[in-house]
Amino acid sequence: MSGSSLSIVFSLAVGPITLIGGGKLIKKVGTRVLIIVGSIWFGLGMIISGFSNSKIMLMGDLAYPVD
């Protein structure tokens with residue numbers, strides 16, 4: 001699977017879940033808190049994905065890296 005098709009799969013699978021959950025969280029905690037927490041999570045995810053050395057690790061299997 002190429003990188004572009006892997007990206008589209010994750011966008012289609014995770015996007016709606018985060019949108020629905022984010023809408024409910026905005027009502028509970030507020031916009032500013034949600035933006036700060038989301039930015040921190042996004043940054044940590046980018047840093048962690050920078051250490052991946054295979055497609056399996058990039059998909060989230062960081063506990064069992066495949067060499």
Residues forming a side chain to side chain contact (heavy atoms under 4.5 Å, CB included) with L25, sequence neighbours excluded: L34
Residues clustering with F51 (ILVMFWY side chains joined when closer than 4.5 Å, directly or via others): I47
Hydrophobic cluster identity match, I48 and I40, side-chain contacts under 4.5 Å: no
ILVMFWY cluster membership beyond F42 - transitive side-chain contacts under 4.5 angstrom: M46
